[in-house]
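Here's the structure we're looking at; comments come further down.
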Amino acid sequence: MGPGGTARPSATRAGLRVLGVAIRREPWVFTLATLGSVLFGALTVADAWVLGWATDHVVLPAFRDGEIGAGVLVAVVALFVGVAILRAVGIVARRLGAGIMQYRMEAHDRRAVTRQYLALPMSWHHRHPTGVLLSNANADVQAAWGPVAPLPMAVGTVAMMVIAVVQMVVTDLVLALVGLLVFPAVIVVNLWFQRVTSPLMTRVQELRGVVSEIAHESFDGALVVKTLGRESEETERFRQRSEELRDVAIRAGRLRAAFDPILNALPNIGVLLVLVVGVARVLDGSSDPGAVVTVAYLLTVVAFPIRSIGWLLGDLPRSVVGYDRVRSVLHAEGGLEFGDDRLAGHGPGARLEVENVRFGYAAGAPVLRDVSFAVEPGRTVAVVGPTAAGKSTLTSLLTRLVDPEAGALRVDGTDLRDLAYGALADAVAVVPQTAFLFDDTVRGNVALGLDVDDAEVWAALETAQAADFVRRLPAGLDTELGERGTTLSGGQRQRLSLARALVRRPRLLVLDDATSAVDPEVEARILAALRRDEPGTEPGTTLVVVAYRKATIGLADEVVFLDEGRVVDQGPHDELLARNAAYAQIVTAYDHDPAEEALR
Amino acid sequence: MSTTTPDPGRARAATAVVSGEEIGAIETIRRGVRHSPELAHGIRVTLLLAALSTAGQVVVPVAVQQTLDRGINAPGGTDVRFTVVMALLATLAVLVTGLASYLMTYRLFRAAETGLSSLRVKAFRHVHDLPLGTQDTERRGSLVSRVTSDIDQVSQFIVFGGVLLVVSVGQVLVATVVMAIYSWELTLVVWVCFAPLFLSLRYFQRRLSEAYGVVRRQVGLMLSAIAEPVVGAAVVRSYAVEGRTQARIDTAIDTYRGAAVRAQGFTAVSFSLGGISAGLANAGVIVIGVLLGIAGRMTAGEILAFAFLVTLFVGPVQMGTQILTDAQNAIAGWRRVIGLLDTPAELVDPGPSGSDLPDRAVDVELDGVWFAYPGGDAVLRDVSLRIAAGRRVAVVGETGSGKSTIAKLLTRLVDPTSGAVRLDGVDLREVRGASLRRRVVLVPQEGFLFDDTVLANARYGDLGADESRVLAAAAEIGLDDWIAGLPDGVHTQVGQRGESLSAGERQLVALLRAHLADPDLLVLDEATSAVDPALEMRINRALERLMAGRTAITIAHRLSTAEKADEVVVVDAGRIVQHGPHAELVAAEGSAYARLHASWVAQRAVAS
Ligand SMILES: Nc1ncnc2c1ncn2[C@@H]1O[C@H](COP(=O)(O)OP(=O)(O)OP(=O)(O)O)[C@@H](O)[C@H]1O
Ligand SMILES: Nc1ncnc2c1ncn2[C@@H]1O[C@H](COP(=O)(O)OP(=O)(O)OP(=O)(O)O)[C@@H](O)[C@H]1O
Ligand SMILES: [Mg+2]
Ligand SMILES: [Mg+2]
């Protein structure tokens, strides 16, 4: 943000637009709350009237007559209490209405923002830290709709103000004009305030995001912080930003501290002006004392609406900043486009084609270049390559987490981009390299929204070699696993993640180094269960396996050797082993170690 | 000398993060101020300013009233002199009031923001000081909310409510005294009319406090629900479970909204009661006043004057109840922060009285160790193990057998439920935290990198290291080629949690970080599981050379490590079932290790 908030000629206008959005979205609640506010205002006036009535009809007659009828006393009590109850109703309607409106607006935006989080592509997520996204969904949404709370009050008092102003004008035009000088003064003060606070407010919200981001990241990495004993350094990092936030907040607070008293003082000064001018006018005979008194009194009446509107306006800069930050999420572009083709959900293995695919995370730095290979239904392909070769990137293209820059990926001949939403997930399952579990039960994590019965879940757990430990868990399938599955060991998490894919009986299964913690024999059994190699039967699941183990690779019909994003070689394992030294080096690394040699 | 306690199988109850919900309101404020002493700095001057500005707010209308009555509307015609003098005086009062309230608010802002910023930092630090098990009892989003939005609530309250509350109470008392001077009977009437309000206040405060407690808790849950699919974005997308995920988030959002509206409902009702009491009081004053008047004890003028005084009483009462109700939200937030600070910190660091580990290879001893995670069964049962200084030990075993748990015990991320862990014969519980962290380093199974450069992440292991030192260290373990191949070399950004690197690359950074830390006991928990075998072998050879003379404990599924280690420890279902040199263990026919090794050898042959 540039210094001085140059980009924002009128925060007030923008702020009023934000309020307009709120009113349009919740017209009924707003009306209710405003009516409550008007009722409250009217009954505040009525209160004074009741006191006057009681004076004329109860107090004075009683003293005059030396006695009083019970009926009148009851009437007085009824009047006072009646007005008070009605006023209470007004208060409840206004406050509750304003609350409902504010929280509904918040909930609406939170739903919208989180929908966007779910819709936006991975590339967007890589650029936006989790902590900031949390702050967008929380502090920014809250800031945006903060002024909704005082809104009904402010609008409700406008009626009061209009009545008072009309009366003033009717009483004495000149004095009214003098008194109404208050308005331009209020506007000027407001403009000043908006101008000076907007940049500070922007900074405050930004820093709130930063502070939340540091907290989130630091707590996320608490284990590393602990193991390296870096608590003090982390605290220092947090302290710096937190103190920056504090300093900016204090600067903004200082302005606010000046704004409120000025707003309070202006009507008073207006009254005093009216008095002074009024005296002059009374002296030269152009006005009478009664008129001065009335205008002065009306001006004090106007002071309350001015103040409540001023407070509302005072909240606007923060609101606009929050609103803009929320909008920037909502307007972020780049969600995936879907076609409307579908794939068979179950049945024989799918055919996969990868054709001349190019992809890079940053422009001009391709991670995959001209990658082509095909997997026939029921066949198994092992993707082998050194660290950072691009294997996981390839799996994310296969599940359409990202789209290629050039070239195409096809399942059963259909370009992934032509598939309807969800169609790909029906046929293709991936087990990612790093298992991610949800804060849910074992069943919830495995089924993940799929309509499967417990028997199928158990079968998948059995295949993934997870059944034994799940049976030992305190509540079996219903055991809550904690955030990201903290209560499990690393290998146990990996197996659940595997079961999640297996239970879907996908037609194409992609394993991204997902069996590193599974015994080799177990892995062989898993893969065998998925393949149906007997002649005459329809082909089993098509498999793409990222692996290093020779045993796993040996199960594959073909190997795709990837290095620096290119397919350097492909063919059966034996052939590659014989003709490609780099390949041989990776897959036979364990064979040539000296200790082993000594043993032989 | 195995020390087994009667029933070590069960863990002590989990120390969850204290919710703080049972701390009383006054207690919360008292302790809150103790935690942030800045809040009380200069509070006397601030209160004085508050009194001045409150007084001013009364003086100005009175002055205007006087000017109207005795200046402009004076019985003997308009009194110019009086009007002008009063107007000038009133202007002065306006200015003084404005200045006083500016100074007061500014001071409040400063005190609140300063006090709460230090509270925030303190709470943040405390989260890191909590034992691992305790950190895991609360979702990250909730922890984040305790150091962010919960504290923000407090700041709002202090600035807008705190002092006004004190002033209001003062005004109520002053008004009571003034009223009593006019008529003690009517004063009594007023208090009787307000009694139900004051009495119900406690009830409402309790309900409100509950209601806002729920609100604050729901904020934490909502943040967690929002954060989860952001962190697990890839899984959500590849399984196309956006709908289900969104439903879970929506539930959290709506539950929060419901809780907030409910709390708002209580606030509105409790606030409106003040108005009803005021109506009752007005009626009571007129009725009783009239009856007193008829009895000849009051004049009509006195009754009307008293009615005016009642408004002076009602105003601050209403203001006070409003502040009290609004305060509950803040107090609920404050409670959660104080609750966090109340949660017992780290497996207690003995501090300066503790001993330092000597600067040389350490020997390691587990002595009759039992361990259970909070609320669970024992995952380690009577584990005893001795590792001489300078040995290279491999720990192997099936998944879930307890290997990582042993690693956590060795690095004191957790304390044993019973038994002891000793380094160089000193119980870990007696070693100073700083010394321990310097000498003993664990590379955990789940690598975590900070959203910064490779360099910054590596330097996390040794903050004193400059770029050339980091590059040299990388070369020492054979990572120089890899670094040279990165787009910006050592200045390449790794992304959140390191996700802009490949899984193997993340492990390389974690290794480099540990290597820079230069420990005497290095514990590697599957630290190279995602690195390609060729590179892994190269790194291992380098580490072997570098760790010569120090103690290294490696947990790995790939038995290549075990084959080369001095000793192998085999863990099975929470017990150590074998311990000895590789060759010896393989030779033990039918043993767990022989089985594991056979399958390892088998997988190196291509299955047919
Ligand atoms: N989100 C990302 N943003 C930028 N670069 C990335 C991102 N993810 C991966 N890369 C880079 O792309 C390259 C390939 O990464 P990828 O994860 O596909 O490797 P990999 O073959 O799976 O490696 P590993 O065996 O370590 O898992 C690496 O150089 C990595 O740094
Ligand atoms: N935070 C936790 N809370 C409760 N139980 C846990 C927790 N962490 C691990 N466990 C349980 O303790 C047992 C041992 O776990 P540990 O992580 O030590 O296994 P491991 O041998 O390292 O397995 P892996 O090879 O899969 O990493 C497992 O049964 C696991 O479910
Ligand atoms: Mg990978
Ligand atoms: Mg482990």
Side-chain angles (χ1 to χ4, degrees), chain A residues 54 62-63 73 77 80-81 84 87-88 91-92 95-96 99 103 107 110 114 118 125 137 212 215-216 219 221 224 227 229 231 235 238-239 246 249-250 253 257 261 265 268 272 279 282 289 293 386-388 399 422 425 430 433 436 449 483 486 489-491 520 551 554 585-586 589-590 595, chain B residues 68 72-73 78 83 87 94 98 101-102 105-106 109 113 117 121 124-125 128 136 139-140 143-144 148 226 230 232-233 235 238 240-242 244 249 253 257 260 264 268 272 275-276 279 282-283 286-287 290 300 399-400 437 442 445 448 502-504 532-534 537 560 563-564 603 606-607:
Chain A
F63 278 91
L73 287 184
V77 174
F80 269 116
V81 175
R87 194 158 63 147
I91 292 176
V92 172
R95 293 206 124 205
L96 194 55
Y103 295 124
R110 289 196 172 113
T114 51
L118 288 174
H125 277 278
S212 151
H216 194 270
F219 296 167
V224 172
T227 51
E231 290 88 349
T235 308
F238 183 75
R239 182 199 306 279
R246 175 197 67 192
I250 292 177
N268 285 333
L272 295 172
V279 168
V282 169
V293 171
T387 293
T399 46
V430 65
Q433 196 165 13
F436 182 88
E483 200 173 35
T486 35
S489 82
Q585 207 195 350
I586 287 187
Y590 297 136
Chain B
L68 290 174
I72 292 179
N73 240 353
T78 302
T83 308
V94 167
S101 80
Y102 160 72
T105 319
Y106 172 52
F109 251 110
E113 293 293 339
S117 159
V121 173
F124 176 91
R125 169 67 198 229
H128 279 303
D136 287 344
R139 297 172 173 89
R140 296 299 189 251
L143 288 176
V144 172
T148 55
I226 294 174
V230 168
V235 173
S238 44
V241 286
E242 284 90 347
R244 174 179 188 271
I249 300 177
I253 291 175
R257 183 181 57 83
Q264 182 74 12
S272 68
I276 296 184
N282 279 331
I286 298 290
V287 170
V290 163
T399 190
R437 298 289 174 231
L442 164 72
Q445 199 165 1
F448 180 92
S502 82
D532 74 62
M537 298 307 278
S560 53
E563 289 168 343
K564 281 178 291 164
Q603 72 157 51
V606 176

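Below, chain A is the first sequence line, B the second, and so on; all start at residue 1. Below, all heavy atoms of this structure are taken into account, side chains as well, without hydrogens, waters or symmetry copies.
Of the listed residues (B/A534, B/A283, B/G279, B/S502), the one with the most heavy-atom contacts under 4.5 Å to chain A is B/A283. In terms of heavy-atom pairs under 4.5 angstrom with chain A, the leader among B/P533, B/G400, B/A240, B/A503 is B/P533. Per-residue counts of heavy-atom pairs under 4.5 Å with chain B were compared for A/G221, A/G449, A/S489; the largest is that of A/G221. Across A/G490, A/A62, A/A54, the residue that shares the most heavy-atom pairs under 4.5 angstrom with chain B is A/G490. Contact count against chain A (heavy-atom pairs under 4.5 Å) is highest for B/S117 among B/G504, B/G275, B/A233, B/S117. Chosen from A/T399, A/L96, A/V81, the residue pairing most often with chain B at heavy-atom distances under 4.5 Å is A/L96.
Rounded to the nearest 0.5 Å, atoms CD1 (B/I226) and CZ (A/R110) are 6.5 Å apart. Rounding to the nearest 0.5 Å places CZ of B/R244 at 12.5 Å from CG of A/L118. Atoms CZ and NE2, on B/R140 and A/H216 in that order, are 8.5 Å from each other to the nearest 0.5 Å.
With a threshold of 4.5 angstrom between heavy atoms, B/V287 approaches chain A through its backbone and through its side chain. For a residue to count as touching a neighbouring chain, one of its non-hydrogen atoms must lie under 4.5 Å from one of that chain's; by this rule B/T83 touches chain A with the side chain only. Both the backbone and the side chain of B/I276 come within contact range of chain A, judged by heavy atoms closer than 4.5 Å. Contacts of B/L143 with chain A are made by both backbone and side-chain atoms, with heavy-atom separations under 4.5 Å. When heavy atoms are compared at a cutoff of 4.5 Å, A/T114 approaches chain B by way of both its backbone and its side chain.
Pairing each heavy atom of A/T227 with each of B/R437, the nearest pair is O-CD, 3.7 Å. Nearest heavy-atom pair, B/Q264 versus A/G99, reported as atom, atom and distance to 0.1 Å: CG-CA, 3.8 Å. For the pair A/V92 and B/S272, the tightest heavy-atom approach, listed with the atom from each and the gap, is CG2-OG, 3.6 Å. For A/A425 against B/S238, the heavy-atom pair with the smallest separation is CB-O, 3.7 Å. B/R125 approaches A/T235 most closely through the heavy-atom pair CD-OG1, 3.2 Å.
In this structure A/S212 satisfies the side-chain contact (heavy atoms from CB on, under 4.5 Å) test together with A/L134, A/S135, B/V144, B/T148, sequence neighbours excluded. Residues passing the ring-ring contact (aromatic ring centres under 6.0 Å, His included) test with B/F124, sequence neighbours excluded: A/F219, A/F238, B/H128.
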